[in-house]
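A quick write-up on the structure given underneath.
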Amino acid sequence: MNALYVADGAPPSLPGITEAAPTLDWWLLAPYLVVFGAGVLAVLFEAFVPKRSLRPVQITVAAAALIAAFTLIVLQVETVGAGGAMIAGGVLAVDGTVLFLQGTIAVLALVSLMLIAERRDGRDAFSAQAATVPGSEEERRHILAGSQHTEVYPLVLFAVLGMLMFPAANDFLTMFIALEVMSLPLYLLCALARRRRLFSQEAAVKYFLLGAFSSAFFLFGIAMVYGYAGSVNFAAIRAAVESGGAEIFAQGDGEPLLIMGIGLVAIGLLFKVGAVPFHNWKPDVYQGAPTPITALMASCTLVAAFGALLRVFFVPFGGSVEIWEPMLWTVAILTMVVAAFIAVTQRDVKRLLAYSSVVHAGFILTAVIASSTEGLAGAMFYLAAYGFTTLGAFAIVTLVRTRDGGQELGDLDGWAGLGRRSPGLALALSLFLLAFAGIPLTSGFIGKFAVFEAAVAAGATPLVVVGVLSSAVTAFFYVRIIVVMFFRDSEGEGPTVARAGVLTGGVITVGVAATLALGIFPGPVLDNLLPSSETGGEPAAVMIYQVTDGGRPTDFSTVSDPGVALDLHSGSDTVASRIMFMC
């Protein structure tokens with residue numbers, strides 16, 4: 001095939017095409033490379049390491065990778081500084097906000113790994129052989145032989161890699177790739193429950209099908225935004241939004257494309273956070289998946305999804321608040337109200353915690369709607385606090401069993417008498433439930449106060465009123481669990497409590513310590529998240545320098561301009577100090 005040339009014989013100049021390789025900052029890429037390399041190494045171990053020693057090797061590799069990734073993220077804080085940086089040709093962004101979210105994901109994933117690695121009576125939470133028909137003779141032979149799914153650990157590592165990339169993506173194509181890298185391993189992990197196999201597989205199929213639909217909506221939204229802005233890069237999209245679209249829309253007739261793009265992209269992201277009306281997958285998946293995987297999704301996936309949501313609505317869509325704000329108002333109100341009232345009717349503990357997660361997603365959405373630096377900081381604190389609390393709660397769920405000591409006890413009525421049978425466990429769960437309800441001196445109270453205060457400062461007081469009323473409704477079913485555990489007599493011998501191993505006990509201990517520490521002493525965290533008082537309630541347009549001029553960050557004079565990195569140093573008047581004064 002002959003190449004086409006213009007009249008003068010010179011080859012055509014194609015915009016966006018370059019033959020130069022991008023400059024790679026290996027130091028800033030190190031956390032991704034460590035997790036990815038460990039995942040690839042774990043896959044090779046599956047093929048070459050003897051089965052008898054494979055499990056401890058896989059656990060060691062996964063734990064070492066997560067610890068190394070967290071250490072690198074901490075060390076990068078000083079390197080990046082307040083200005084932030086872009087890496088890998090500008091497809092990934094790194095700044096204080098991204099590093100905080102990534103560090104939170106790494107720690108929560110490490111704690112989740114402790115639950116995943118726990119074994120009781122020589123068995124873990126995963127099926128002996130997922131490829132066999134549930135209840136078949138072949139499955140029975142695998143169970144008797146002690147077969148185990150050690151490929152769980154590389155799948156977890158690949159999922160964590162996607163989670164680390166999701167909030168750091170600097171263009172929509174990278175974000176879509178991160179979304180799929182995060183989601184595909186989770187679809188598989190949800191189908192690997194040792195008990196109630198068919199239910200677990202059904203949950204995985206539901207998650208996969210609905211997740212595929214949401215990804216399709218997300219991809220269609222990207223196409224619409226590309227048609228409007230002529231680019232998938234966040235900085236270019238932000239510039240197009242502020243200028244009325246690409247050059248072909250000089251008459252201002254491209255706004256329908258932008259509206260459809262924002263709506264479709266929002267569907268894909270709101271599905272991942274579990275907001276109403278895109279929440280229907282959560283109760284079934286949380287109930288059917290192995291509980292350690294449920295804990296991983298309820299903590300790490302939520303942090304990653306909200307990190308991506310914050311980046312998308314604060315950066316590329318930050319100049320079109322008047323378009324998406326009414327939509328998020330509606331979704332937030334529906335999420336808080338509908339999920340709260342449905343949760344009251346639930347009798348299964350894991351389904352109840354799933355609807356609780358939906359309600360909390362509505363609370364965090366109030367911080368997104370605030371569109372301020374205070375709202376961003378409040379959301380970051382809320383995500384970290386909620387992650388530790390929910391991990392502790394699901395760790396306790398793994399210990400409460402039916403009377404024969406077999407599968408986990410889901411029916412809430414069966415938890416009657418747990419306070420007398422295992423008072424320490426019941427007290428720990430009560431603390432987590434009170435934190436979910438937002439009771440003072442717990443991390444949940446501080447998180448709700450931070451996001452609600454940011455919403456009030458942004459003029460979203462009606463939304464906060466709805467949030468407070470929803471909190472009152474959710475407090476009812478949290479307290480109901482406490483009443484069942486301590487003040488209701490059990491039928492017969494009551495629930496069986498499995499002995500907490502070192503790993504599960506460690507997860508509960510970490511959850512209790514974090515819930516109390518962030519509730520009683522929130523200042524050290526909040527003081528390093530909130531911006532200075534100079535920014536006030538102005539829109540937080542950015543989490544990093546998003547616009548460059550010849551490779552160098554452009555100097556912007558106000559926080560509402562694209563490209564201003566979030567200042568992570570607090571002034572004297574902070575939310576933390578006001579909360580402590582109230583308490």
Side-chain angles (χ1 to χ4, degrees), residues 112 115-116 118 123-136 139 148-149 151-152 155-156 158-159 162-163 179-216 268 270-302 304-305 339 342-343 345-361 390-391 393-395 397-398 400-402 406-412:
S112 300
L115 273 184
I116 293 170
E118 183 67 276
R123 297 180 181 178
D124 53 25
F126 303 96
S127 64
Q129 182 58 257
T132 58
V133 178
S136 65
E139 184 184 54
Q148 48 192 306
H149 266 300
E151 59 265 37
V152 166
L155 287 174
V156 169
F158 288 128
M163 295 174 192
L179 172 65
E180 296 305 302
V181 172
M182 174 179 70
S183 300
L184 292 176
L186 294 177
Y187 298 150
L188 296 174
L189 291 169
C190 287
L192 299 181
R194 175 174 289 276
R195 300 182 182 274
R196 305 180 72 181
R197 289 281 313 286
L198 286 174
F199 191 24
S200 175
Q201 292 174 353
E202 178 189 357
V205 170
K206 287 181 179 178
Y207 191 23
F208 169 70
L209 291 177
L210 293 176
F213 274 111
S214 72
S215 297
L270 292 172
F271 173 87
K272 278 302 174 184
V273 304
V276 174
F278 315 107
H279 70 290
N280 289 324
W281 64 274
K282 258 194 177 183
D284 290 339
V285 174
Y286 276 34
Q287 186 181 11
T291 302
I293 300 303
T294 304
L296 176 71
M297 291 191 297
S299 55
C300 300
T301 305
L302 193 69
I342 295 179
T345 66
Q346 300 302 307
R347 307 302 304 172
D348 184 272
V349 174
K350 288 178 73 174
R351 290 184 71 87
L352 193 151
L353 291 176
Y355 278 108
S356 169
S357 175
V358 176
V359 177
H360 285 284
T390 196
L391 280 176
F394 279 110
V397 170
T398 65
V400 182
R401 305 298 181 105
T402 53
Q407 65 186 23
E408 296 166 358
L409 183 57
D411 185 17
L412 180 59

Legend entry - Intermediate values then yes/no, side chain to side chain contact (heavy atoms under 4.5 Å, CB included), Leu296 and Leu186: CA-CA 9 Å; Leu296 176 71; Leu186 294 177; 4.1 Å; yes

[X] side chain to [Y] main-chain N or O, any donor-acceptor pair under 3.5 Å?
X	Y	result
Thr294	Tyr286	yes
Ser183	Glu180	no
Ser214	Gly268	no

Legend entry - Ring geometry between Tyr207 and Trp281 (parallel below 30°, tilted from 30 to 60°, perpendicular above 60°): parallel

Legend entry - Other residues, nucleotides, ligands: >12 heavy atoms within 6.0 Å of Phe158 CZ: yes

Of all heavy-atom pairs between [X] and [Y], which one has the smallest distance, and what is that distance?
X	Y	value
Ser299	Ser112	OG-OG, 3.8 Å
Leu353	Val397	CD1-CG2, 4.1 Å
Ala361	Val273	CB-O, 3.5 Å
Cys300	Met163	CB-SD, 3.4 Å
Met182	Pro185	O-CD, 3.7 Å
Gly274	Val358	O-CG1, 3.3 Å

Inset, instruction - First locate atom CG of Leu188, then atom CG of Leu155, and finally report the distance between them rounded to the nearest 0.5 Å. - result: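 One finds 6.0 Å between CG of Leu188 and CG of Leu155.
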
[X] vs [Y] side-chain heavy atoms within contact, under 4.5 Å:
X	Y	result
Ser215	Leu179	yes
Lys272	Phe278	no
Lys206	Asp284	yes
Asp348	Asp411	no

Is it true that [Y] and [X] share a donor-acceptor pair across their side chains at a distance under 3.5 Å?
X	Y	answer
Ser357	Lys282	yes
Glu118	Thr398	no
Thr291	Lys350	yes

Inset, instruction - Show your reasoning for whether ring pair (Phe, Tyr, Trp, His ring centres under 6.0 Å) applies to Tyr187 and Phe208. - result: CA-CA 6 Å; Tyr187 298 150; Phe208 169 70; 5.5 Å; yes

Legend entry - Criterion side chain to side chain contact (heavy atoms under 4.5 Å, CB included) on Leu192 and Val152, from CA distance to verdict: CA-CA 9 Å; Leu192 299 181; Val152 166; 3.9 Å; yes

Legend entry - Verdict with supporting geometry, Val205 and Glu202, side chain to side chain contact (heavy atoms under 4.5 Å, CB included): CA-CA 5 Å; Val205 170; Glu202 178 189 357; 5.8 Å; no

Inset, instruction - Kindly indicate, with the supporting measurements, whether the criterion side chain to side chain contact (heavy atoms under 4.5 Å, CB included) is fulfilled by Gln287 and Phe199. - result: CA-CA 9 Å; Gln287 186 181 11; Phe199 191 24; 3.5 Å; yes

